[in-house]
K.L.:
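What follows is a single structure, and I will ask about it in a moment.
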Amino acid sequence: MQSVRGFCDVLPEETPVWQQAEAVVRRVLEAYGYQEVRLPVIERTELFQRSIGEVTDIVEKEMYTFEDRSGDSITLRPEGTAGCVRAGIESGLLHHAEPRLWYAGPMFRHERPQKGRLRQFHQVGAEVFGVAAPELDAEMIVMTARMLRELGLEDVQLQLNSLGTPESRAAYREALVAYLRRHEDRLDDDSRRRLATNPLRIFDSKDPEVQAVMADAPRLLDNLDAASAEHFAKVRELLERAGVPYEINPSLVRGLDYYTRTVFEWVSDRLGAQGTVCAGGRFDALVEQLGGRPTPAIGFALGMERLVALLREQGEPGRGGAPHAYLVVATDPGAGLETAEALRDALPGLRLQAHAGGASFKAQLKRADRSGARVALILGDEERADGALTMKDLRGDGEQQRLPFSEAVSHLQAWIGD
RNA sequence: GUGAGCGUAGCUCAGCUGGUAGAGCCCCGGAUUGUGGCUCCGGUAGCCGUGGGUUCGAGUCCCAUCGCUCACCCCA
């Protein structure tokens, strides 16, 4: 048996890193006033077609789309923003309010798996609605910077761009395509294909001839509408005042149609070809487009698998998980269970692994050692008769000692403390 | 969807121009009757991804197929 392609297990070796990362992300989000929402994993297919865009790669070839038993077309969410906007409109949360929402969970895209890319992957996302001011763009970016810093992430760079309004962007795209059509003979096959699908990406071409053509091409940032240009300048100024370094990437366009104005990405060069850990941007037209009243909005998503990969590559220890104590039972096994339960009653925070089933004393101690527990608690016939426990320090060089149950409890309590 | 590399023990891998499947780690037992780690001794462990072909003989060569990985594309 094997898992479905691109669907992975997170095994106990990795879960501590996940848990720590999730805890940091949650703490920072809540520190900025974000509240958690829990959203369905499935939405109507139409929601994604209308938000992400009909001609994007995601909608055209990457969605897990099914008919349910009543014949409705439903889709496993390929990203979180659409569902979050839908929930905001449906609940009325967006009316006369400026909610700051965050969510976490699995997303699904039917792509060819590779390093940093799974078919089921996990994102933490956050969105703010109802605030158009550039201060919010800057605050959100500064917040992601804080988050990545507190996560201990090294060597990530911030890239920034502005896409302007949908109108100015469409006009620019037309101008760019017109320019490129005039020089089509100098483009390679890849760039000609992009001409129809994603002309802005042609700026990324590695072909020297194509680069020469692009050097004289009109630039998006020079063709922003006045309000967007001013907005972008303000965001840049605020980032500089906050001391958050960034790099302008004119070909940063994001793959989803709904973005407007500010877009940003945190990238690492340690992740192979999929270098983006965290990315987001404004989507001022999306709420209205999905049937809500006009509401500016901005959001971002953080890729958990990529984050965890970076943290593990940096050698983050990922503490936790191992039991504090391992109970060795060298008497009636039932007495082992009783003692274990009594310990749990006395110490709710205790991580105790009680030996179950038969094994030699020696083998049990070996298991105690392997479990990573700091201390072995030994319950034999004599301890049982005396209402005592023998405590053996497995990590230090302390002497083992036989203690009455209540004293053993206080010793354990002191150990759990630190 | 396209391309390349790789599938041998639970894990990491070796296996030469085809000739009876190996190592390390892990696990189990013993040396040590209720004392782990270190050491030593012993043990379990594989339709060599699957199917076909060539051959007296295939882990090894050929074809197909499935899977994994990386890259392109695109993206978290």
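Quantities reported herein were computed from a predicted structural model and do not represent experimental measurements.
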K.L.:
Just how far, in rounded Å, is C1' of B/rG1 from CZ of A/R119?
P.N.:
11 Å
K.L.:
Of all residues at least two apart in sequence or in a different chain, which pass the salt bridge (charged side-chain N to carboxylate O under 4.0 Å, His left out) check with A/D393?
P.N.:
none
K.L.:
Starting at atom OH of A/Y326, determine the distance to atom C1' of B/rG37, rounded to an integer number of angstrom.
P.N.:
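My rounded result for the distance is 16 Å.
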K.L.:
When every nucleotide of nucleotides 28-35 of chain B is labelled 5' to 3' by its protein contacts under 4.0 Å (heavy atoms), B for base, S for sugar-phosphate only, - for none, what sequence of letters results?
P.N.:
S---B-BB
K.L.:
Starting from the C-alpha separation in whole Å, work towards a yes-or-no answer on salt bridge (charged side-chain N to carboxylate O under 4.0 Å, His left out) for A/R77 and A/E43.
P.N.:
CA-CA 7 Å; A/R77 62 180 182 191; A/E43 298 279 357; over 6 Å; no
K.L.:
Any protein N or O atoms within reach of nucleotides 67-69 of chain B? Criterion: under 3.5 Å, listing atom names and distances.
P.N.:
from   : atom 1 : to   : atom 2 : distance (Å)
B/rG67 : O2'    : A/Q2 : NE2    : 3.3
B/rC68 : OP2    : A/R5 : NH1    : 2.4

K.L.:
Taking salt bridge (charged side-chain N to carboxylate O under 4.0 Å, His left out) as the definition, give me every residue that meets it alongside A/R44, ordered by chain and number, with sequence neighbours left out.
P.N.:
none
K.L.:
Side chain to side chain donor-acceptor pair (under 3.5 Å): which pairs involve residues 127-136 of chain A, sequence neighbours left out?
P.N.:
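Those involving residues 127-136 of chain A are A/T81-A/E127, A/Y103-A/E127.
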K.L.:
Summarise how protein sits on nucleotides 41-47 of chain B as a single string, 5' to 3': B when a protein heavy atom is under 4.0 Å from the base, S for sugar-phosphate-only contact, - for no contact.
P.N.:
-------
K.L.:
Measure from CD on A/Q274 to C1' on B/rA71 and round the result to the nearest Å.
P.N.:
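Distance, rounded to whole Å: 9 Å.
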K.L.:
Taking the same atom, P, in B/rG46 and in B/rG10, what whole-Å distance lies between them?
P.N.:
7 Å
K.L.:
Which value, in whole Å, describes the distance between the C1' atoms of nucleotides B/rC47 and B/rC40?
P.N.:
36 Å
K.L.:
Is there a salt bridge (charged side-chain N to carboxylate O under 4.0 Å, His left out) between A/R38 and A/E36 once you walk through the steps?
P.N.:
CA-CA 7 Å; A/R38 305 211 172 182; A/E36 184 179 6; 3.0 Å; yes
K.L.:
In whole Å, what separates the C1' atom of B/rU12 from that of B/rG53?
P.N.:
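Looking at atom C1' only, B/rU12 and B/rG53 are 33 Å apart.
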K.L.:
Using Watson-Crick and G-U wobble pairs with both distances under 3.5 Å, what is the 5'-to-3' dot-bracket string of RNA chain B, with [ ] for crossing pairs and | for pairs outside the strand?
P.N.:
(((((((..((((.....[..)))).(((((.......))))).....(((((..]....))))))))))))....
K.L.:
What residues form a salt bridge (charged side-chain N to carboxylate O under 4.0 Å, His left out) with A/E30, not counting sequence neighbours?
P.N.:
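A/E30 satisfies salt bridge (charged side-chain N to carboxylate O under 4.0 Å, His left out) with A/R26 only.
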K.L.:
Output a table of donor-acceptor pairs, distance under 3.5 Å, between side-chain atoms of residues 174-183 of chain A and any protein atom two or more places apart or on a different chain; print 'none' if there are none.
P.N.:
from   : atom 1 : to     : atom 2 : distance (Å)
A/Y179 : OH     : A/V213 : O      : 2.7
A/H183 : ND1    : A/Y179 : O      : 3.0

K.L.:
By side chain to side chain contact (heavy atoms under 4.5 Å, CB included), which residues pair with A/D68, not counting sequence neighbours?
P.N.:
A/S70, A/D72, A/I74
K.L.:
Please measure how far the C1' atom in B/rG5 lies from the corresponding atom in B/rC74, and state the result in whole Å.
P.N.:
22 Å
K.L.:
Can you list every pair that meets salt bridge (Lys or Arg N to Asp or Glu O under 4.0 Å) and has a residue in residues 267-283 of chain A, with sequence neighbours left out?
P.N.:
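Residue pairs with at least one partner in residues 267-283 of chain A: A/D137-A/R282, A/D155-A/R270, A/R270-A/E313, A/R282-A/D284.
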K.L.:
Return the set of residues passing ring pair (Phe, Tyr, Trp, His ring centres under 6.0 Å) with A/Y258 (not counting sequence neighbours), or none when no residue passes.
P.N.:
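Once residues adjacent in sequence are excluded, the partners of A/Y258 under the ring pair (Phe, Tyr, Trp, His ring centres under 6.0 Å) criterion are A/F283.
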K.L.:
Within the supplied structure, the quantity of interest is the number of heavy atoms (other residues, nucleotides, ligands) at a distance under 6.0 Å from A/Q211 CD; does it exceed 12?
P.N.:
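Counting neighbours around CD of A/Q211, more than 12 heavy atoms of other residues, nucleotides or ligands fall under 6.0 Å, so yes.
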K.L.:
Applying a 4.0 Å non-hydrogen cut-off, can you work out what A/E111 is touching in the nucleic acid: base, sugar-phosphate, or nothing?
P.N.:
base
K.L.:
Rounding to an integer number of angstrom, what distance separates B/rU17 and B/rU60 when you compare their P atoms?
P.N.:
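Those two atoms are separated by 14 Å.
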K.L.:
Can you find a pair of side-chain heavy atoms, one from A/I58 and one from A/R109, that are under 4.5 Å apart?
P.N.:
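Side-chain contact under 4.5 Å: yes.
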K.L.:
Rounding to an integer number of Å, can you tell me how far A/R117 CZ sits from B/rA71 P?
P.N.:
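Taking CZ of A/R117 and P of B/rA71, I get 9 Å after rounding.
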K.L.:
Pick base, sugar-phosphate or nothing for A/G272, based on heavy-atom distances below 4.0 Å to the nucleic acid.
P.N.:
sugar-phosphate
K.L.:
Given that A/H110 and A/K61 both sit by RNA chain B, which one's nearest nucleotide is further toward the 5' end?
P.N.:
A/H110
K.L.:
Quiz question: by atom type and distance under 3.5 Å, do the side chains of A/T390 and A/E383 form a donor-acceptor pair?
P.N.:
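Yes, A/E383 and A/T390 have a side-chain donor paired with an acceptor closer than 3.5 Å.
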K.L.:
In whole Å, what separates the P atom of B/rU69 from that of B/rU8?
P.N.:
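Roughly 14 Å separates the two P atoms.
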K.L.:
Under the criterion side chain to side chain contact (heavy atoms under 4.5 Å, CB included), which of A/V124, A/L307, A/V28 is the partner of A/M147?
P.N.:
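The option that passes is A/V28.
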K.L.:
Pick the C1' atom in B/rC66 and in B/rG49, then give their distance to the nearest Å.
P.N.:
8 Å
K.L.:
Are A/P78 and A/F48 side-chain neighbours, meaning at least one heavy-atom pair lies under 4.5 Å?
P.N.:
yes
K.L.:
Measuring only the C1' atom in each nucleotide, how far is B/rG18 from B/rG57? A whole number of Å is fine.
P.N.:
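8 Å, rounded to whole Å.
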